[in-house]
K.L.:
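Here's a structure for you.
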Amino acid sequence: MTAETSQTLDRGLRVLKLLADTDHGLTVTELSNKLGVNRTVVYRLLATLEQHALVRRDLGGRARVGLGVLRLGRQVHPLVREAALPALRSLAEDIGATAHLTLVDGTEALAVAVVEPTWTDYHVAYRAGFRHSLERGAAGKAILAARAAATDEPGYTLTHGELEAGASGAAAALIGVTGVEGSVGVVMLADAVPERVGPRVVDAAREVADALR
């Protein structure tokens with residue numbers, strides 16, 4: 001800790017991180033041991049966090065992450081979208097296809113930002129808010145591939161006709177962004193994705209990841 005930081009806030013954030021890392025919650029004693037502070041301090045921290053719905057305690061007294069965290073999480077999407085837009089615009093114009101940023105939402109892939117090219121005669125209509133299974137479409141499959149690979153070097157995933165007949169997709173996962181799991185991709189009306197598109201999508205994913213760090 002330094003003179004410019006708040007010890008109480010630091011402890012409160014550490015409580016939230018500890019609770020987020022467990023599925024069954026933690027008792028006051030367990031939190032006290034993990035934080036290295038006495039139980040009275042933990043009680044005060046939990047009471048404050050409960051007032052903001054960031055923590056809840058069950059009948060057995062175990063503390064868990066509260067629903068207020070979800071409300072905070074919803075505000076992440078606009079911030080992520082704003083950071084990604086320059087890279088998406090460049091990708092859409094360069095490839096001449098609809099570019100998108102997709103984030104994980106439970107078991108689904110959720111498109112949070114979409115940019116269409118300005119110079120093409122036609123392109124695939126794709127809207128922000130579109131959802132699909134992680135197991136279908138390039139965006140979701142790229143995310144699953146990154147989970148399995150556990151590597152710092154993103155690859156790309158290609159699909160055809162999985163979400164829309166006649167449309168092909170290419171996507172690359174965001175790598176190394178704490179708290180954000182997603183992918184950047186393009187969708188186009190084509191029987192196959194041109195060779196240069198995959199590497200270009202990887203570059204765009206790296207740009208977005210850098211903007212989010």
K.L.:
To the closest 0.5 Å, what do you measure between CG (L103) and OG (S183)?
P.N.:
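Rounded to the nearest 0.5 Å, the CG-OG separation comes to 8.0 Å.
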
K.L.:
What are the two closest non-hydrogen atoms of A113 and R81, and how far apart are they?
P.N.:
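Scanning both residues, the minimum pair turns out to be CB-CG, 3.4 Å.
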
K.L.:
Taking only residues at least two apart or on different chains, which pairs with a member in residues 113-126 satisfy salt bridge (charged side-chain N to carboxylate O under 4.0 Å, His left out)?
P.N.:
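Applying salt bridge (charged side-chain N to carboxylate O under 4.0 Å, His left out) to every pair that reaches into residues 113-126, excluding sequence neighbours, yields nothing.
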
K.L.:
Decide whether V115 and L212 are clustered together by the hydrophobic rule: side chain heavy atoms of Ile, Leu, Val, Met, Phe, Trp, Tyr closer than 4.5 Å, transitively.
P.N.:
yes

K.L.:
Applying side chain to side chain donor-acceptor pair (under 3.5 Å), can you list everything that pairs with T102, at least two apart in sequence or on another chain?
P.N.:
H100

K.L.:
Give me the other members of the hydrophobic cluster that V124 sits in, counting Ile, Leu, Val, Met, Phe, Trp and Tyr linked by side-chain heavy atoms under 4.5 Å, directly or via other members.
P.N.:
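V124 clusters with V114, Y122, Y126, F130, L163, V187, L189.
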
K.L.:
Grab the two heavy atoms, one from A205 and one from A173, that are nearest each other, plus how far apart they are.
P.N.:
CB-O, 3.8 Å

K.L.:
On a heavy-atom basis, which atom in G25 and which in E30 lie closest, and how many Å separate them?
P.N.:
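Result for this residue pair: O-OE1, 4.2 Å.
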
K.L.:
Looking at every heavy atom in both R39 and S32, which two are closest together, and how far apart are they?
P.N.:
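So the minimum-distance heavy-atom pair works out to N-OG, 3.8 Å.
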
K.L.:
Would you please test L46 and V28 for side chain to side chain contact (heavy atoms under 4.5 Å, CB included) and show each step?
P.N.:
CA-CA 9 Å; L46 291 178; V28 170; 3.9 Å; yes

K.L.:
From the options L31, N33, L26, select the one residue that forms a side-chain contact (heavy atoms from CB on, under 4.5 Å) with T29.
P.N.:
N33

K.L.:
Could you check L91 against V184 for side chain to side chain contact (heavy atoms under 4.5 Å, CB included), going step by step and ending with a plain yes or no?
P.N.:
CA-CA 10 Å; L91 178 62; V184 170; 3.9 Å; yes

K.L.:
Find out if a path of hydrophobic residues (ILVMFWY) with successive side-chain heavy-atom gaps under 4.5 Å connects V201 to L158.
P.N.:
yes

K.L.:
Looking only at heavy atoms, what is the nearest atom pair of A87 and E207, with distance?
P.N.:
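Closest heavy-atom pair between A87 and E207: CB-OE1, 3.7 Å.
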
K.L.:
Taking C-beta and beyond as the side chain, do V104 and L110 meet within less than 4.5 Å on heavy atoms?
P.N.:
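Not in contact.
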
K.L.:
Considering only heavy atoms from C-beta outward, does the side chain of V186 approach that of T98 to under 4.5 Å?
P.N.:
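They are not in contact (no side-chain heavy atoms under 4.5 Å apart), so the answer is no.
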
K.L.:
Return the set of residues passing side chain to side chain donor-acceptor pair (under 3.5 Å) with E181 (not counting sequence neighbours), or none when no residue passes.
P.N.:
R147

K.L.:
Looking only at atom types and distance, does a side-chain atom of S168 sit under 3.5 Å from a main-chain N or O of A190, one as donor and one as acceptor?
P.N.:
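Checking the backbone N and O of A190 against the side chain of S168, a donor-acceptor pair under 3.5 Å is found.
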
K.L.:
Identify whether the distance between the nearest side-chain nitrogen and carboxylate oxygen of E50 and R56 falls below 4.0 Å.
P.N.:
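The answer is no: the pair does not qualify as a salt bridge.
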
K.L.:
Taking all non-hydrogen atoms of both residues into account, name the closest pair between R213 and G176 and its distance.
P.N.:
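The pair with the smallest heavy-atom distance is NE-O, 3.2 Å.
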
K.L.:
With a 4.5 Å heavy-atom cut-off, do V55 and L45 have their side chains touching?
P.N.:
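When only atoms from C-beta onward are counted, L45 and V55 do not touch, as no gap falls below 4.5 Å.
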
K.L.:
Output yes when R196 and D94 qualify as a salt bridge under the 4.0 Å nitrogen-oxygen rule, no when they do not.
P.N.:
yes

K.L.:
Can L35 be reached from Y43 by stepping across I, L, V, M, F, W or Y side chains whose heavy atoms are under 4.5 Å apart?
P.N.:
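Yes, Y43 connects to L35 through the hydrophobic network.
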
K.L.:
Does V65 reach the side chain of L54, with side-chain heavy atoms less than 4.5 Å apart?
P.N.:
no

K.L.:
Evaluate the side chain to side chain contact (heavy atoms under 4.5 Å, CB included) criterion for residues V41 and N38: first the C-alpha distance (whole Å), next the side-chain angles of each, then the deciding distance (0.1 Å), finally the verdict.
P.N.:
CA-CA 6 Å; V41 172; N38 63 51; 3.4 Å; yes

K.L.:
For G96, is there any backbone N or O sitting under 3.5 Å from a side-chain donor or acceptor partner on W119?
P.N.:
no

K.L.:
Under 3.5 Å, is there a donor-acceptor pair between the side chain of T120 and the main chain of H123?
P.N.:
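Pair absent, no side-chain N/O of T120 close to backbone of H123.
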
K.L.:
Pairs under 3.5 angstrom only: tabulate donor-acceptor contacts from the side chains of residues 131-143 to other protein residues two or more places apart or in another chain.
P.N.:
from: R131; atom 1: NH1; to: D105; atom 2: OD2; distance (Å): 2.7
from: R131; atom 1: NH1; to: E108; atom 2: OE1; distance (Å): 3.1
from: R131; atom 1: NH2; to: D105; atom 2: OD2; distance (Å): 2.7
from: H132; atom 1: ND1; to: R136; atom 2: O; distance (Å): 2.9
from: S133; atom 1: OG; to: E135; atom 2: N; distance (Å): 3.0
from: R136; atom 1: NH2; to: E162; atom 2: O; distance (Å): 2.2
from: K141; atom 1: NZ; to: E162; atom 2: OE1; distance (Å): 3.3
from: K141; atom 1: NZ; to: E162; atom 2: OE2; distance (Å): 2.8

K.L.:
Would D58 and R64 count as a side chain to side chain contact (heavy atoms under 4.5 Å, CB included) here? Give the steps.
P.N.:
CA-CA 8 Å; D58 60 26; R64 304 171 187 271; 3.2 Å; yes

K.L.:
Among residues two or more places apart or on two chains, list those pairs meeting ring-ring contact (aromatic ring centres under 6.0 Å, His included) that have a residue in residues 173-194.
P.N.:
none

K.L.:
Side-chain contact, heavy-atom cut-off 4.5 Å: V193 with H160?
P.N.:
no

K.L.:
Can we say D203 and R200 salt-bridge, meaning some charged N sits less than 4.0 Å from an Asp/Glu carboxylate O?
P.N.:
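No salt bridge links D203 with R200.
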
K.L.:
Mind checking the CG-CZ spacing from L49 to R11? Nearest 0.5 Å is all I need.
P.N.:
13.5 Å

K.L.:
Say whether V180 and I175 are linked into one hydrophobic cluster, either directly or through other cluster members, by side-chain heavy-atom distances under 4.5 angstrom.
P.N.:
no

